[in-house]
Amino acid sequence: MRRRTLLAGAVLGTVAGPTLGGPAARAAAPGPSVTPAGRTTLDERAVYFVSYDGLVNNNSFQKNGLLTHKGHQYAVWYTADRNAVVGRRALGASTWQTLRAGHTLRYDDSHNVISMGVSKTDGRLHLHMDSHSDGFTYVKSAAGLMDNPSGLSWTASRFDAPQSTLDGLTLTSQFTYPQFVSTPEGRLQLSHRAGVSGNGRNALAEYDGTRWTALGEWTASTGTYRSEHGSSTARNMYLHGIDYDRNGRLHAFFTWREQNGAVMCSPGGITNHDTGYVHSDDRGRTWRNDAGTVVATTGTADRVSVTDPGLVVDPLNPDHSLMNQESQSTDSAGRPHAVISYVPGRFGQCTTDYVADRTANGRAFHVRRTAAGTWRKTEIPVPLNSSQRTRLLLDRYDNAYAVLPYGRIAGASAASDHTDWTLLYDGAGLNAFGEVLIDETRTAQDGVLSVMYQERSTGTTPSALHVADFRLPT
């Protein structure tokens, strides 16, 4: 069901992308390339179980399972005995310091990931974990820990006791998908879903260095969606991400998932449809469509709805097994980019088993706004061979990288307007389960792409969890 290829010497060699004209052009703006730069082991025996086709230590909505701050990299995972662990290392170091966060994973559910965030106003590390449409566990470090990693010891005593609230803020009893994002001023925001799959709303909370405040919900689950097969009156918005660009704009790509399977051609498919986009210029208080029209105000009854105009940037009906929660990024000009994936129409107009059909015929696509303000989509010519998701990253030259299932890496150059996608690294020797995570924060600091992955296992037999590093063009 899953195909792996071999690349001789890939662990030590350089895998270069396409050249861009003569020497002068290459020196000014090199194309994409990845140079394997070593691998470290986080845990020889991390917890392993397959749930919802994924692993709890490597799931796309785990923002962030791996991050870099002030010269140190941090990782979170569950061990074989289900303990939540936080690790750190100096960039380039071969070993990790680890500590237990005081919480034990409750269920064999891959939704119950650990996500990290850094509040730059007070130098704390924040952990949010173990939730799927229910309560959550929250842990934060002592103030200043992230600002002085060389001078402060890495011990459990540096962290507060686990809580079931955000320092007293309860939020919702149906909590899922924690995603931390730092505002340009250094505040920390927490994106999450209230409700359940097919009937939920996205919401935001914010930490200012002193306390957490609920900003409120900003998406609606109501309204009527109609396909050629039927209609649905409830849904939820699945985010591909929520990220600030260097100019302070907050971007969010998304898909809708309908509650009513009547909108599909087959009950074996998945009700996801359309790729949408919104942005906010006031730290998530109001939301605008691509044309700049306000479509929602957070914390009010006016929320982003399936019936709002101007949201869809790539239309697709629910018959192609469109995946939710893939990946997004922004380039140096603040233009939004996303990776989406589905079964293209050339393989048929009705998927009947979304896992099998995506594994057999799924393809990833790069969607982005051009300098002219239009939207463009390019197919990445590498079969998914998996039902799972792809991660997106842009380097300092705005070359794009798609980190596909099994740790394969494809790239496209900014010079080609991201139309020359090619496979740069085929994942040889990783034995990765499928979906992998990337460090979204490290590349800007030292030009390295870090990929966190877990080795394939069977049943509930623990397996090794690693971080593989790749140097990008400098």
Side-chain angles (χ1 to χ4, degrees), residues 39-67 73-89 95-118 125-141 154-156 158-164 175-180 190 192 325 388-389 391 405 407 430-439 450-468:
R39 180 180 73 172
T40 59
T41 298
L42 294 168
D43 193 334
E44 291 286 1
R45 288 174 48 82
V47 71
Y48 186 97
F49 55 84
V50 179
S51 161
Y52 295 91
D53 305 307
L55 302 181
V56 72
N57 285 329
N58 284 91
N59 229 321
S60 68
F61 40 81
Q62 194 176 353
K63 183 182 178 76
N64 294 283
L66 188 66
L67 65 79
Q73 190 171 50
Y74 300 81
V76 284
W77 69 94
Y78 295 107
T79 62
D81 58 3
R82 308 176 76 85
N83 276 280
V85 169
V86 194
R88 77 171 181 184
R89 65 166 175 169
T95 58
W96 294 76
Q97 298 174 287
T98 62
L99 59 85
R100 292 189 174 190
H103 179 75
T104 302
L105 177 66
R106 297 173 297 157
Y107 311 119
D108 284 359
D109 187 334
S110 64
H111 288 82
N112 292 36
V113 300
I114 310 172
S115 293
M116 291 186 290
V118 179
L125 180 65
H126 301 251
L127 310 178
H128 200 292
M129 66 191 90
D130 204 2
S131 59
H132 185 194
S133 300
D134 61 358
F136 59 80
T137 295
Y138 167 68
V139 176
K140 72 178 188 296
S141 78
W154 188 246
T155 62
R158 301 283 185 189
F159 288 80
D160 294 346
Q163 309 175 45
S164 59
F175 190 105
T176 318
Y177 306 128
Q179 296 193 27
F180 288 110
L190 177 63
H192 58 281
Q325 296 164 296
Q388 295 191 290
R389 302 167 179 92
R391 313 306 299 155
L430 299 183
N431 192 31
F433 163 80
E435 196 160 296
V436 303
L437 294 179
I438 63 171
D439 187 335
S450 287
V451 178
M452 180 176 169
Y453 69 95
Q454 189 160 354
E455 290 189 23
R456 201 174 322 192
S457 186
T458 57
T460 58
T461 302
S463 66
L465 185 68
H466 304 286
V467 174

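- Checked by atom type, the side-chain pair Tyr453/Arg39 shows a donor-acceptor distance below 3.5 Å.
- For the side-chain contact (heavy atoms from CB on, under 4.5 Å) test, residues two or more places apart in sequence or in another chain that qualify with Arg158 are Leu145, Leu152, Ser153, Thr155.
- Of all the heavy atoms in Phe433 and Gly54, the pair that sits closest is CE2-CA, 4.1 Å.
- With hydrogens and angles disregarded, no donor-acceptor distance shorter than 3.5 Å links the side chain of Thr460 to the backbone of Phe49.
- Residues Gln73 and Trp96 approach most closely at O-CZ3, 3.4 Å, considering heavy atoms.
- In terms of heavy-atom proximity, Ile114 sits nearest to Ala84 at CD1-CB, 3.8 Å.
- Counting only N and O atoms by type, the side chains of Asn83 and His103 include no donor and acceptor under 3.5 Å apart.
- The backbone N or O of Met452 lies less than 3.5 Å from a partner atom in the side chain of Asn58, making a donor-acceptor pair.
- At a cut-off of 3.5 Å, with distance as the only test, no side-chain donor of Gln179 or Ser115 sits close to an acceptor on the other residue.
- Put simply, the side chain of Thr104 never gets that close to the backbone of Arg82: no donor and acceptor are under 3.5 Å apart.
- Within the 3.5 Å criterion, the main-chain N or O of Leu67 finds no donor-acceptor partner in the side chain of Tyr74.
- One finds the OG atom of Ser110 at 5.0 Å from the CG atom of Asn59 (value rounded to the nearest 0.5 Å).
- Side-chain contact annotation: Tyr52 with His111, donor-acceptor N/O pair under 3.5 Å absent.
- Between His192 and Phe180, a ring centre-to-centre spacing not shorter than 6.0 Å is recorded.
- When all heavy atoms of Val139 and Phe159 are compared, the pair lying nearest together is CG1-CD2, 4.0 Å.
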Requested in this report: Report the C-alpha distance between Phe175 and His132 in whole Å, list the side-chain angles of each, state the deciding distance to 0.1 Å, and finish with yes or no for ring-ring contact (aromatic ring centres under 6.0 Å, His included).
Outcome: CA-CA 6 Å; Phe175 190 105; His132 185 194; over 10 Å; no
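- Side chain of Gln388 to backbone of Glu435: a donor-acceptor contact under 3.5 angstrom is found.
- Classification of the His128-Phe136 ring pair by plane angle, with boundaries at 30° and 60°, yields tilted.
- Here the CG-CE distance, from Leu127 to Met116, works out to 7.5 Å after rounding to the nearest 0.5 Å.
- No donor-acceptor distance shorter than 3.5 angstrom exists from the side chain of Gln454 to the backbone of Leu465, with no hydrogens or angles considered.
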